[in-house]
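Structure first, then comments.
Counting starts at 1 for both ligands and their atoms, in listed order. Since this is a predicted model, take the numbers as computed values, not measurements.
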Amino acid sequence: MSQYWSPAVRELTPYVPGEQTRERVIKLNTNENPYPPAPGVGEVLRDYATDHLRLYPDPTSAALRDALAETLQVKSSQVFVGNGSDEVLAFAFQAFFCHQAPLDVPAITYSFYPVYANLYGVALRKHPLTGNWEVDIDALAANPERSGVIFANPNAPTGHAHSLMTIEALLKRVTDRVVLVDEAYVDFGAESAVTLIDRYPNLLVTGTFSKSRSLAGLRLGYAVGSEELIDGLLRVKDSFNSYPVDSLASLVGIAALKDVEHFEACRERVITTRERTRQRLETLGFEVLPSKANFLLAQHPDYAGAQLFASLRERGILIRHFNTTELNNFLRITIGTDDEMDSLIEALETICG
Ligand code: PMP
């Protein structure tokens, strides 16, 4: 605590990301992709220093937005890009959710939402998931006074995917404020709500290059929605930083989008490894939630989550453990390569006897 901090900063509880380490470990704790980005990315990097580095980037990121619009089959004017989807989410909180009424969120959700809510002084109304780990649409839509609705699909950290029908049922009921669907993990098997943006002007879908495009280190995220929502995001962005996406990120992002074959091959590998890992964990006695993301949430009836986390850490394998009441016994395991997952299973076999 410092006397120099603003009162609001003293009250913050910042988000704690998964551990990054320089040790040689098997890293299955922050949902990164185990495979390299598209080969075209390397070519872009080679030419970059001579051609672009001394110039400011295009503040509108037009070329990247055009490429994303083509990939997602929307108009460029319906696309916003930022420095990772975390930044896009932060802009969305400021642009759309800063009202008196609370923001409706599932009780189990991406743990950055409460941090943004705290930062921007937005109250949260948390709704428990249904018995089968679904977001509770009725509860999310029940209160007429709200500043908006936000949830991740697939949900984090459960990996549960909601159908487009479920999302549309919510959009039919919440028309006065923004419904934000965070699709950070959608490419690993869920249906995207981007197809609904023309029908629902209050729907904002966010996405990232960090997961399915193997570019977590680059920091590139986006939002897709009606032009009036994109304009709201641009107003916040241009009051904060004109250039959140640097020229390298734009070039690399475009190269990654162009290589559809590499993208499809990588996500197929991650999905196949996920299902194989799920079966093997179940054989070891774990309860594993069905997942459409690049991670699994699992718990063992006989071993506490914290204990398994620590034992794996000792063996050089990093996974994620959340210290919350609902998830205390669970482990969140990112899907790595088959070899990495074999090492994880072998370690668990030893630990669990
Ligand atoms: N949304 C969800 C649900 C996430 O799990 C993450 C990754 N921590 C993000 C958004 C942010 O991803 P990035 O900022 O790397 O785009």
Would you say the ring centroid of Y116 lies under 6.0 angstrom from that of F97?
-> no
Note the single closest protein heavy atom to atom 14 (O) of ligand 1, along with its residue, its atom name and the distance in Å.
-> R219 NH2, 2.7 Å
Provide the number and element of each atom of ligand 1 under 4.0 Å from a heavy atom of G84.
-> 14 (O), 16 (O)
Have a look at Y110, F151, F295 and point out the one with the heavy atom closest to atom 6 (C) of ligand 1.
-> Y110
Mind checking whether Y185 contacts ligand 1 via backbone (N, CA, C, O), side chain (CB onward), both or neither, at a 4.0 Å heavy-atom cut-off?
-> side chain
Output the rest of the hydrophobic cluster of L318: all Ile, Leu, Val, Met, Phe, Trp and Tyr residues reachable through side-chain heavy-atom contacts under 4.5 Å, sorted by chain and number.
-> V25
Side chains of residues 151-172: which donor-acceptor pairs under 3.5 Å do they make with residues two or more places apart or in other chains?
residue	atom	partner	partner atom	Å
N153	OD1	H162	N	2.6
N153	OD1	H162	ND1	3.2
N153	ND2	H162	O	3.3
N155	ND2	I108	O	3.0
T158	OG1	H160	N	3.1
H160	NE2	E134	OE2	2.9
H162	NE2	V135	N	2.8
S163	OG	M165	N	3.4
S163	OG	T166	N	3.1
S163	OG	T166	OG1	2.9
E168	OE2	R199	NH1	2.7
E168	OE2	Y200	OH	2.7

Select the closest option to atom 13 (P) of ligand 1 among A184, P154, S85, judged by heavy-atom distance.
-> S85
For atom 7 (C) of ligand 1, find the nearest protein heavy atom and state the residue, atom name and distance (0.1 Å precision).
-> K211 NZ, 3.3 Å
Please lay out, stage by stage, how K75 and E227 fare under the test salt bridge (Lys or Arg N to Asp or Glu O under 4.0 Å).
-> CA-CA 9 Å; K75 290 188 255 168; E227 285 166 17; 3.8 Å; yes
For atom 3 (C) of ligand 1, grab the closest protein heavy atom and report residue, atom and distance to one decimal in Å.
-> D182 OD2, 3.4 Å
Does D86 reach ligand 1 with a nitrogen or oxygen that is under 3.5 Å from one of the ligand's nitrogen or oxygen atoms?
-> yes
Touching ligand 1 at all, E87? Heavy atoms, strictly under 4.0 Å?
-> no
Looking at the rings of Y110 and Y185, which for Trp means the six-membered one, are their centres under 6.0 Å apart?
-> no
S210 near ligand 1, heavy-atom distance under 4.0 Å?
-> yes
Ligand-residue contact atoms, ligand 1 with T208, heavy atoms, under 4.0 Å | 13 (P), 15 (O), 16 (O)
Does the ring of F96 carry R177 above it, NZ/CZ under 6.0 angstrom from centre and within 45° of its axis?
-> no
Establish, yes or no, whether the cationic atom of R269 lies under 6.0 Å from the six-membered ring centre of Y35 and within 45° of the ring axis.
-> yes
Do D86 and Y15 have side-chain atoms, one donor and one acceptor, less than 3.5 Å apart?
-> no
